[in-house]
Amino acid sequence: MAPQFLFGNLLQTGVIWRGEPLPNVLRQFQDKFGDVFQFWFGPARMVVVSCLEDVQHIFSHRHIYEQADVFDEKMKSIVPNSIFCLTGSKYKRHTTITHPLFRRGKIVNHLDTIINCTDKLLTRWRTNNNDPNYIHLNMFEQLQQLVLETFSLIFFDYSLQTMDNQGDRNRNEFAHAIYTVLNTIITVIKMPTFIGRLYLLLNLKYRRSRDLVNQHLYRMIEQELQETPMMRAERKKLSLIASLIASLQQDEKLEASKTEEDKKGLSRAEVLDEMLSFLIAGYSTTTAALTWFIHLMSIHPEVQNKVKKELAQYNMQSLSVEQLDSFTYLDCVLREMFRFVPPGFGTLRTLTVDDRLPSTGAELRKGDLVLIGIHNMGRDRRYWSGPVDPDQFYPERFLVEGNDANNNKAASISFGGGHRQCIGQDLARFEVKAICARLMQRVTFGDGGPEVNSGEYAGDEGDAVTPKRMGVTITFDPDYST
Ligand code: HEM
């Protein structure tokens, strides 16, 4: 489709003004133009690829398909020293330090933190809106507060108190500043790069909040540094920032004078950017996943009952990692959710040299920007051909481990793939599962009706796809007594 000046294909397809969700538009394009087509996101041309074999080729050829240069363009003015903007040796230095922080072995230490935060949300519902007919319309905001509180405890061992006071952000200036920074960044990511930069420059509220966030984070770094070596070793189990402190450069000037290949550790500015980039990457994606879970439970009572039945077998008040691991049906529900409504509808790569895709034979040029159609592949009947259409939510398709005749699980790639796949995926999967299990132990979600609980895509994607309208009832289960 010929692009329009300035708006590319966004205006013609209704993404701008009519709020047509991008995942739907990209599916319509695939139906019309095939597995490889071009789409103009405003002035940026992207080649959208939605064929599994081609996508696997892209993921496995890291030297041809590098981190997309738009990430660098967009994020440079926000977190220039973060993993998003890096490639080559600097990327390697950063990931050698940051990847191990997100291994499952480390993440599981935070189970109690996640459960305690979720319990605060349950207490809030029980105390304030304990009417089973009351329709909760602000679930997204409440889940944002939950996610932010768990992340700030896991990352910084610091409570933002977003779960303590009805989410009154103004009571904690750091929380208020973080909200402003994260929500501004999500808005800016949607804008053309040049306008985004200008917006950040002129947005005094953002700049003040950003200064405040930086001051808080620097103070946390200094506090960690003042701990004794023994305490620091202990604290590494508790928070990511304490783990990162261990990698701080002793002499930043000396390290700065070395070539990138010889540099060791991270500078303070780099630690700060990485912490912020983890928040940016995890905040709205995790919130979106939790929001979809609650929505899907509310409109699929039979699935919700099965989940609750699985949890009831254990008839318990607390949850252990082993118990969490044993909830196989809940696993299927979450895997199906990530297939059905992945928080990110696509991910990007830039070509470093010309290449030809093996299945479609599409010829790509050096510098081309490729968008991998995560959402398209999750809904493709070639990969999901079972008795239930892929446009339906059906967790049972994940009951058989590995691929079966009807389901090619490799086509569900909600965390991307290859060398730039999501580094927070173990944390995200674990956190989402723990929160969902806890909620399902205590409450039942009900459908608030089609007017308020439509489940369509919101159509204003920033960095995560969320439901357009979400209204659910919450009923506390009878045997819940604490
Ligand atoms: C449900 C939650 C999440 C989803 C669906 C998600 C999804 C993704 C996707 C699709 C990518 C791009 C991967 C690729 O291009 O191959 C990505 C990258 C990334 N994610 Fe996540 N993510 C989630 C949560 C998190 C969390 C909690 C963190 C950190 C704490 C995180 C940190 C990152 C980082 C740092 C990258 C960039 C990696 C790189 O460029 O090398 N994500 N994520």
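We count ligands from 1, going down the list as the structure has it; atoms in each ligand are counted the same way. This structure is a prediction, so every number in the text was calculated from the model and none was measured.
- The shell of residues lying under 4.0 angstrom from ligand 1, judged by heavy atoms, includes Arg349.
- By the 4.0 Å N-to-carboxylate-O rule, Glu222 lies too far from Arg219 to be salt-bridged with it.
- Classification of Glu260 and Lys90 as a salt-bridged pair fails, no side-chain N sitting under 4.0 Å from a carboxylate O.
- At a heavy-atom cutoff of 4.0 Å, ligand 1 is contacted by no atom of Phe71, backbone or side chain.
- Residue Thr347 has at least one N or O atom closer than 3.5 Å to an N or O atom of ligand 1.
- By the 30° and 60° cut-offs, the orientation of the rings of Phe174 relative to His216 is parallel.
- Both tests do not hold together for Arg420 against Tyr65: distance to the six-membered ring centre under 6.0 Å, angle to the ring axis within 45°.
- At least one heavy atom of Ser414 sits less than 4.0 Å from an atom of ligand 1.
- With hydrogens left out, the protein atom closest to atom 13 (C) of ligand 1 is Arg420 O, 3.2 Å, a heavy atom.
- On a distance-only criterion, Phe84 and ligand 1 share no N/O pair closer than 3.5 Å.
- Residue, atom and distance of the protein heavy atom nearest to atom 24 (C) of ligand 1 are Thr285 OG1, 3.5 Å.
- When non-hydrogen atoms are compared, ligand 1 lies under 4.0 Å from the side chain of Gln67 (C-beta onward) but not from its backbone.
- Residue Tyr91 has at least one N or O atom closer than 3.5 Å to an N or O atom of ligand 1.
- For the ligand labelled ligand 1, residue Tyr283 lies outside the 4.0 Å heavy-atom shell.
- The side chain to side chain contact (heavy atoms under 4.5 Å, CB included) with Thr350 is formed by just one residue from the set Val70, Asp368, Asp69; it is Asp69.
- The heavy atom nearest to atom 8 (C) of ligand 1, out of those in Cys422, Ala281, Gly424, is found in Cys422.
- For ligand 1, the atoms lying closer than 4.0 Å to a non-hydrogen atom of Phe151 are 27 (C).
- With no hydrogens or angles considered, a side-chain donor-acceptor pair links Tyr283 and Gln144 at under 3.5 Å.
- The shortest heavy-atom distance from Gly418 to ligand 1 is not under 4.0 Å.
- Remark: distances from the non-hydrogen atoms of Gly344 to ligand 1 are all 4.0 Å or more.
- A side-chain donor-acceptor contact under 3.5 Å links Arg438 and Gln441.
- Listed by chain and residue number, Arg268 satisfy the salt bridge (charged side-chain N to carboxylate O under 4.0 Å, His left out) test with Glu252 (two or more places apart in sequence, or in another chain).
- Between the side chain of Glu431 and the backbone N or O of Ala428, no donor-acceptor pair lies under 3.5 Å.
- Nearest-residue assignment for atom 6 (C) of ligand 1 (options Phe430, Tyr65, Phe415; heavy-atom criterion): Phe415.
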